[in-house]
Amino acid sequence: MQASLKHPNFTSAILEWYRIHQRDLPWRGSRDPYAVWLSEIIMQQTRVAQGTPYYRRFLERFPEVSDLATASEEEVLKLWQGLGYYSRARNLHAAARKVAFEWGGKFPESYKGLLELPGVGPYTAAAIASICFELPHPVVDGNVFRVLSRYFDVDIPVDTGPGRRHFDQLAREVMDPGQIGRYNQALMEFGALQCVPANPDCASCPLVQSCGAHAAGTIGQRPVKQGKTRIRKRYFHYVMPIGPDLQTLLIRRGGPGIWQGLYEFPLLEQEADPTPAEIGALITTHCGTRTTIGTITRFNDAPRVHKLSHQHLYTTFWLARAEGLPEGALPLSEAEELPVPVLIAEFMDTVKNSYF
DNA sequence: AAACCGGGGTG
DNA sequence: CACCCAGGTTT
């Protein structure tokens, strides 16, 4: 078994561990750039268990990159709904169009070329280049940061420029260029299953005897991160207009900010409860002066807290009887065809079951 | 360099 | 509750 020059022990142990413990994932074994790219974008900052159903649905609906390229962005976002980080979906669509319409349906076969795809950064380019084309680029993801920072007991923060450069170099030194695709997947799999973030089972680890952090007792402090993420509180008041024929209105959210391209009900962002006049003005803004508001009822007594990574959304839903809604108004059944945030999808479900 | 971007799982 | 997840883009 060939291995890296500088740390053959580490490299061969990872590969041997992988031979025994690797999971049977749907995209594993494929060297088709489209399938590998799709899996990598979906799995960015996403657990395998959460992303796998999406991967299957995308590949079934879009068997080839041309199918994805000719679809509407709205359909792509709808299929992405619930997975989060929706810029991934918009970039996925844009990248597919680039491959299909500018590059003749063929993915770039170099690291630099792959980086030109929107949504493809250093990690994803290295993953595709190594898995599909056996190009000697080490992947450096969250798993790799953790495994290397522990094995070499590195206390340089991983989320800094110097840290990034240090771990890139380290990853390069321990890689096996002779089977780079397999090795990259092995290292990530090792991080995902063996060298886990909390309470790793070091007793069963094949590298325990040479692990720096284990010897130093610093396993729980690796990797070092400096990032401090403050959570912002926001107060949303969604007003769902309901016409005489139970039609409603959804608005496409623009940028910048969360949920770009997704649909939501007319929104007032303020802490205090909106007055009937404010709700009327909101509806007028979106529907024009021909629309009139009838009874307004508060749907949820206490604000529903929707938690994102960096924001807590304290949300109240209001139902507003309305007449003279514009042409764009939709029956609820059609509204469900549009891509919406999970918060809105859950509300629409509740309304359907309790109100009508 | 730092901020921003989702939703869900886990201890 | 804090942390993390097969990260990338924008400012």
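Order of the sequence lines fixes the chain letters, A, B, ..., with proteins taken first and strands second; residue numbering starts at 1 for each chain.
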Task: Distance, rounded to the nearest Å, where A/R88 contributes CZ and C/dA6 contributes P - done: 12 Å
Open item on the list: I want to verify a distance call: between C/dA6, C/dT9, B/dG8, whose nearest atom is closest to the A/N91 side chain?
Closed with: C/dT9
TODO: Could you check how far CG of A/L343 sits from C1' of B/dG6, rounded to whole Å?
DONE: 12 Å
Open item on the list: Could you tell me how far C/dG8 sits from B/dG8 if I compare only their P atoms? Round to whole Å.
Closed with: 23 Å
Open item on the list: Heavy atoms from C-beta onward define the side chain here; which of C/dG8, B/dG11, C/dA6 lies closest to that of A/A198?
Closed with: B/dG11
TODO: Please determine, for the side chain of A/N199, which listed nucleotide (B/dC5, C/dG8, B/dG11) has the closest atom?
DONE: B/dG11
TODO: Go through C/dG8, B/dG6, C/dC5 for me and flag the one nearest to the A/S309 side chain.
DONE: B/dG6
Task: Plane angle bin for A/F265 and A/F347 - parallel if under 30°, tilted between 30 and 60°, otherwise perpendicular - done: perpendicular
- [ ] Would you indicate what A/E346 reaches in the nucleic acid, counting non-hydrogen atoms under 4.0 angstrom: base, sugar-phosphate, or nothing?
- [x] nothing
TODO: Send over the distance from A/L115 CG to C/dG7 P, rounded to a whole Å.
DONE: 16 Å
TODO: Establish, yes or no, whether the cationic atom of A/R88 lies under 6.0 Å from the six-membered ring centre of A/Y85 and within 45° of the ring axis.
DONE: no
Open item on the list: Suppose you measure atom C1' in B/dG6 against the same atom in C/dC4; what distance do you get, rounded to whole Å?
Closed with: 13 Å
